[in-house]
Amino acid sequence: VQLQASGGGLVHIGGSLRLSCTASGSIERLNSVAWFRQSPGDGRRLVARINSDDSLQYADSVKGRFTVFKGGADYTGYLQMNNLRLEDTSVYYCFAEGYYSDHLGLQGFGTWGQGTQVTVSS
């Protein structure tokens, strides 16, 4: 299973970006998708998460500005980021859990995507 993250870039304060994270490799179900961010010298911190029951979790710093959601049959998770601030500048990572199928049957996975840089400028 692989996760492909995309959508990062350079944006001005107050702007918007949408990050996406697509799972590939005989995926049967995408349960949860979480987005983390990591700045230099800092640990990886949870930004937002959508669980298998579609319940949501957000860091206090992004509540009301970021929205996490999942796509339909394309096994993609999204992070819509609005009203971006300078302090949102970071490398963003997705982590997804779900099920894939192989010759042994249904298997669970938990996989990280590669980071995508988000830079907010003044």
Side-chain angles (χ1 to χ4, degrees):
V1 173
Q2 291 187 328
L3 285 185
Q4 179 67 44
S6 62
L10 175 64
V11 65
H12 290 296
I13 291 173
S16 297
L17 285 173
R18 177 177 290 187
L19 306 183
S20 63
C21 178
T22 300
S24 62
S26 301
I27 305 300
E28 296 289 343
R29 179 181 172 89
L30 189 64
N31 282 349
S32 65
V33 178
W35 291 92
F36 294 78
R37 62 189 182 190
Q38 185 172 19
S39 299
D42 199 7
R44 199 168 289 188
R45 299 176 182 270
L46 179 67
V47 175
R49 178 186 178 97
I50 180 167
N51 296 307
S52 57
D53 61 356
D54 290 339
S55 60
L56 306 175
Q57 181 181 356
Y58 293 98
D60 288 343
S61 61
V62 306
K63 284 179 180 176
R65 301 188 297 122
F66 290 11
T67 303
V68 59
F69 58 101
K70 291 184 288 185
D74 59 353
Y75 308 117
T76 298
Y78 300 91
L79 183 67
Q80 177 66 41
M81 305 185 294
N82 297 329
N83 192 20
L84 283 160
R85 304 169 179 171
L86 291 175
E87 56 264 36
D88 295 318
T89 295
S90 191
V91 179
Y92 286 72
Y93 297 88
C94 60
F95 179 81
E97 295 176 295
Y99 294 94
Y100 69 99
S101 59
D102 66 8
H103 65 286
L104 297 175
L106 203 61
Q107 309 289 337
F109 73 87
T111 303
W112 287 95
Q114 87 283 12
T116 184
Q117 176 71 46
V118 171
T119 303
V120 184
S121 66
S122 58

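Note: hydrogens, waters and symmetry copies are ignored here, and every other heavy atom, side chains too, is used.
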Please say yes or no: joined through hydrophobic side-chain contacts below 4.5 Å, possibly via intermediate residues, are [X] and [Y] part of one cluster?
X	Y	answer
Ile50	Leu3	no
Leu17	Leu10	no
Ile13	Leu84	yes
Val33	Tyr92	yes
Leu30	Trp35	yes

query = Run the side-chain hydrogen bond (donor to acceptor under 3.5 Å, both in side chains) check on Ser16 and Asn82 step by step: do they pass?
reply = CA-CA 4 Å; Ser16 297; Asn82 297 329; 2.9 Å; yes
request  = For a side-chain contact (heavy atoms from CB on, under 4.5 Å) with Val118, tell me which candidate from Thr89, Leu19, Leu79 qualifies.
outcome  =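 Checked Thr89, Leu19, Leu79 against Val118; only one passes side-chain contact (heavy atoms from CB on, under 4.5 Å): Leu19.
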inquiry  = With ring pair (Phe, Tyr, Trp, His ring centres under 6.0 Å) as the rule and sequence neighbours excluded, what pairs involving residues 39-69 come up?
reply    =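 For residues 39-69, and leaving out neighbouring residues, the ring pair (Phe, Tyr, Trp, His ring centres under 6.0 Å) pairs sorted by first residue read Phe69-Tyr78.
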query = Under 6.0 Å from the CD atom of Gln2, do we count more than 12 heavy atoms belonging to anything else shown?
reply =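 No.
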inquiry  = Could you check whether atom OH of Tyr99 has more than 12 heavy atoms from other residues, nucleotides or ligands sitting under 6.0 Å from it?
reply    =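 Result for OH/Tyr99: open.
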key: Nearest heavy atoms of Asn83 and Arg65, plus distance in Å   =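 Taking Asn83 first and Arg65 second, the nearest heavy atoms are O-NH1, 3.0 Å.
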task = Work out which heavy atom in Ser55 is nearest to a heavy atom in Asp53; give both atom names and the distance.
result =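 Minimum heavy-atom contact is OG-OD1, 2.6 Å.
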request  = For side chain to side chain contact (heavy atoms under 4.5 Å, CB included), just list the numbers for Arg29 and Asn31, CA-CA rounded to whole Å, side-chain angles, deciding distance to a tenth of an Å, and then say yes or no.
outcome  = CA-CA 6 Å; Arg29 179 181 172 89; Asn31 282 349; 2.5 Å; yes
When you measure from the side chain of [X] to the backbone of [Y], do you find a donor-acceptor pair of N or O atoms at a distance under 3.5 Å?
X	Y	value
Asp102	Leu104	yes
Arg49	Gln57	no
Gln114	Gln4	no

ask   = Using links of under 4.5 Å between side-chain heavy atoms of ILVMFWY residues, direct or through other members, which residues join Phe36 in one cluster?
value =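 Members alongside Phe36: Leu46, Val91, Tyr93, Phe95, Trp112.
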Looking at [atom1] of [X] and [atom2] of [Y], how far apart are the two atoms once the value is rounded to the nearest 0.5 Å?
X	Y	atom1	atom2	answer
Arg37	Ser61	CZ	OG	4.5 Å
Ser52	Glu97	OG	CD	8.5 Å
Leu86	Ser121	CG	OG	8.0 Å

request  = Output, in order, the C-alpha distance, side-chain angles, deciding distance and verdict of side-chain hydrogen bond (donor to acceptor under 3.5 Å, both in side chains) for Ser6 and Ser20.
outcome  = CA-CA 5 Å; Ser6 62; Ser20 63; 2.9 Å; yes
ask   = Salt bridge between Asp60 and Lys63, side-chain N to carboxylate O under 4.0 Å?
value =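 The answer is yes: the pair qualifies as a salt bridge.
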key: Basic-acidic side-chain contact under 4.0 Å: Lys70, Asp54   =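 Judged by the 4.0 Å cut-off on N to carboxylate O distance, Lys70 and Asp54 do form a salt bridge.
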message = Is any side-chain heavy atom of Asp88 closer than 4.5 Å to one of Met81?
response =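 In short, these two side chains do not touch, never coming nearer than 4.5 Å.
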ask   = With Ser39, which residues qualify under side-chain hydrogen bond (donor to acceptor under 3.5 Å, both in side chains), at least two apart?
value =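 Scan of Ser39 (side-chain hydrogen bond (donor to acceptor under 3.5 Å, both in side chains), adjacent residues dropped) gives Ser90.
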